Amino acid sequence: MGKGLSNSEIAAVFSEIADILDLKNDNVFKIRAYRRAAQLIEGFEKPLSEVPDLEELPGIGRELAEKIWTLLKGEKLATLEKLRKEIEPGLLELLKIRGLGPKRVRTLNEKLGVKDLESFKQAVAGPEILELPGWGQKLVDDLKKSLGEFQKYSQRSRLDVAKVQAEEVVEWLKGAQGIERIEPAGSLRRRAETIGDIDILVTGKDANAVMEKFVGYPKVREVLSRGKTKSAVVLDSGIQVDVRFLEPESFGAGLHYFTGSKTHNIALRTLAKHKGLKISEYGVFRGAKRVAGRSEEEIYKLFGMDFIAPELREDRGELEAARTHKLPKLIELKDLKGDLQAHSEWTDGRNPISEIAARAKELGYAYIAMTDHSKSQRQAGGLSGGEMLKEWAEIDGLNRKLKGITILKGVELDILKDGGLDLPEKVLRQADIVLGSIHGNFNLSRAEQSARVLKAFSTGRVHVFAHPSTRLIGEREPIELDWEKIAPVMAKMKVAAEINASPHRLDVNGETAKYLKEQGLVFAISTDAHSLVGLQDMEYGVYTARRGWLEAQDVINTWGLSKLQKWLRERR
DNA sequence: GCCGTTTTCGGCCCGACTGTTTTCAGTCG
């Protein structure tokens, strides 16, 4: 592993600089430039070290490019070191508390000597805070509440958790009078892997009725704001939900605006400006005249663009592709003809193979791969070569009996620390499909980790690289992998990249998938189900694939059984 | 700090909501 910083680490440096500048009340546009750069870098699909000319990136000029080079060399950034000395380090954390921005934090610091979470806690409890101009009892009470929430719920929610709660709120709101359309927007609509707040847009005849209905939702723990067109609440679960009411002629514009992403919106807005148009959440305007806004299609059309699916709206080239009519025809759930990772009671799954196969058939699949663990996964009941052969014999028997579904004889094979395979090749040769997975030694360096998987793939026995990064969302960081080196070998050895559909994993993620597709790889979207319910997670894998610009043909389990089998055998 | 088919200087996205105010500051998205 080199000492240079990764993209997300560089993004974090720029975010920190922006925060400190904010606290120092520096030039807002300079601050915006740093934040914009941080966002760009965070979502950038390949390592910045491989970008020949950083200044070509939008929002990166000479100074930021130089700073990036410094960080890539593993050197410290003088700017940041200097700025850090100019403020109390504990103040940065306070900015994350709802209701506390740079101005208030600065006031607290200057007038009351607040320097971190602890001293802030004391300040809101004491009497002096109420003497500050503009600080009343209500504000202080609100800040106390946000402080409590910050300590309890500082993380974002997983996509599946947020989606279910949003759907419940939508159902409830449909009971309000005069509702015409209701649509969740925001990162949830873009199917991002984690969700901050849930945004729901509504249009109809009676805004007041909608707001009244919303704040009366039984699972509301607290109403944060209640206005004519916008209200916000916190649910019992801790998730914040915002509801906005829009007039029908503005609904498309509002939906677009609140779906984001922010960078996508800014890019489109900039384009609009060049055409003498102004975009807001109420529509697209030429002067005072609204020229579009009822639907999103209408807005994109105005700019000569095809409709851009929400999953693509991350400012990763979608506007240009829409303008030149080169957007991908994104994969859909109905394109899937099978599931390529599932576990049975032979190892750590809950159900017998027969039940899983029956459910797969109900889901409309033509095939399902049983991929129980290999022997190193002791805690999961991993199988030895002999036991694996017995499981496959059971599958042979089931396949002779079953109609309308084919069970593939698979294995989720551990890639050992040294890159060795966890079962003998002569056993693996009898499998229909072999998934290679990492389940331990997560902390190897980038070089060691990459060499490990490359050695495993060089055997030619692995068909799919399963949950490559091994990250668990909100729980475990991804391992270090050098995709620049790994992708060409996977392409040559015909190893597909898995998009693990479990909402805990979503691995590979959308950005990586987009990059790997560009390197010529194919993909498997698999649920990794350990129960019958788990088989239904496929939708989350499809969302992730769509965020990676994948089409049906890029995904091997959209193929018919015979085409898939041919691909699986071709390497022998 | 970035950027340029009106500019290498002078712009940079902006509206809603709350609280503490009598017209606005701060925060948020």
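A, B, ... follow the sequence lines: proteins, then strands. Residue 1 opens every chain. Keep in mind that what you see is a predicted model, and the values were worked out from it rather than measured.
In this structure, the NZ atom of A/K96 is 17 Å from the P atom of B/dT27, given to the nearest Å. Rounded to an integer number of Å, the gap from A/D26 CG to B/dG1 P is 8 Å. What separates CZ of A/R190 from P of B/dG29 is a distance of 13 Å, to the nearest Å. We find that CH2 of A/W135 is positioned 19 Å from P of B/dT18, with the value rounded to whole Å. Note: CG (A/L271) to P (B/dT5) measures 13 Å, nearest angstrom. A straight line from NZ of A/K273 to P of B/dC13 spans 6 Å, rounded to a whole angstrom. Rounded to a whole Å, the CG atom of A/D22 is 11 Å from the P atom of B/dC28. What separates CD1 of A/I17 from P of B/dC2 is a distance of 11 Å, to the nearest Å.
The number of heavy-atom neighbours closer than 6.0 Å to NZ of A/K301, taken from other residues, nucleotides and ligands shown, is 12 or below. Heavy atoms from other residues, nucleotides or ligands lying under 6.0 Å from CZ of A/R62 number 12 at most.
Residue-level contact check: A/L100 touches the backbone only, with heavy atoms under 4.0 Å from sugar-phosphate atoms and none from bases. Within the 4.0 angstrom heavy-atom criterion, only backbone atoms of the sugar-phosphate kind lie near A/R104; the bases stay farther away. Within 4.0 Å (heavy atoms only), A/I97 reaches sugar-phosphate atoms of the nucleic acid but no base atom. As judged by a 4.0 angstrom heavy-atom cut-off over every strand, A/T229 is placed among residues touching the sugar-phosphate backbone only. The residue A/I60 sits close only to the backbone: its heavy atoms come under 4.0 Å of sugar-phosphate atoms, none of a base. Among the atoms of the strands shown, only primed sugar atoms or phosphate atoms (P, OP1, OP2) are found under 4.0 Å from some heavy atom of A/Q137. At a threshold of 4.0 angstrom between heavy atoms, the contacts of A/P102 are confined to the sugar-phosphate backbone, with no base atom among them. Counting non-hydrogen atoms under 4.0 angstrom, A/R36 reaches nothing in the nucleic acid. Contact annotation for A/N27: base contact, defined as any heavy-atom pair under 4.0 Å involving a base atom.
Both A/G134 and A/G227 lie near DNA chain B, and the one whose nearest nucleotide falls closer to the 5' end is A/G227. Nearest-nucleotide positions on DNA chain B place A/A65 closer to the 5' end than the other of A/A65 and A/R226.
For A/R32 and B/dC13, the shortest distance from a side-chain N or O to OP1 or OP2 is below 4.0 Å. OP1 and OP2 of B/dC12 both lie 4.0 Å or more from every side-chain N or O belonging to A/K30. Residue A/S225 places no side-chain N or O under 4.0 Å from the OP1 or OP2 atom of B/dA16. Residue A/K138 places at least one side-chain N or O under 4.0 Å from the OP1 or OP2 atom of B/dG19. The side chain of A/Y282 places no N or O atom within less than 4.0 Å of a non-bridging phosphate oxygen (OP1 or OP2) of B/dC13. Distances shown here put a side-chain N or O of A/K278 below 4.0 Å from the OP1 or OP2 atom of B/dG15.
Look at the P atom in both B/dT20 and B/dC28: the space between them is 16 Å, to the nearest Å. To the nearest whole angstrom, the two P atoms, one in B/dG1 and one in B/dT6, are 28 Å apart. To the nearest whole angstrom, the two P atoms, one in B/dG15 and one in B/dC9, are 31 Å apart. Distance check on atom P: B/dT18 versus B/dC13 gives 26 Å, rounded to whole Å. B/dA16 and B/dG10: their P atoms are spaced 32 Å apart (whole Å). Going from the C1' atom of B/dT23 to that of B/dC17 covers 16 Å, rounded to whole Å.
Using N1 to N3 plus N6-O4 or O6-N4 for Watson-Crick, or N1-O2 and O6-N3 for G-U wobble, each under 3.5 Å, B/dA25 pairs with B/dT18.
Counting distance only, with no hydrogens placed and no angle test, the side-chain atoms of A/Y257 and the base atoms of B/dG29 include a donor-acceptor pair under 3.5 Å.
Look at B/dT7: its glycosidic torsion is within 90° of 0, and that puts it in the syn range.
The six-membered or imidazole ring of A/H256 lies near that of A/H264, with a centre-to-centre distance under 6.0 Å.
A cation-pi arrangement is found for A/K213 relative to A/W172, the charged atom lying closer than 6.0 Å to the ring centre and inside a 45° cone about the ring normal. Figure legend: A/R323 and A/F303 shown without cation-pi pairing, the cationic atom not lying both under 6.0 angstrom from the six-membered ring centre and within 45 degrees of its axis.
Using a 3.5 Å distance cut-off with no hydrogens or angles, the side chains of A/S231 and A/R226 do not pair a donor with an acceptor. The closest side-chain donor-acceptor pair between A/E212 and A/N208, if any, does not fall under 3.5 angstrom.
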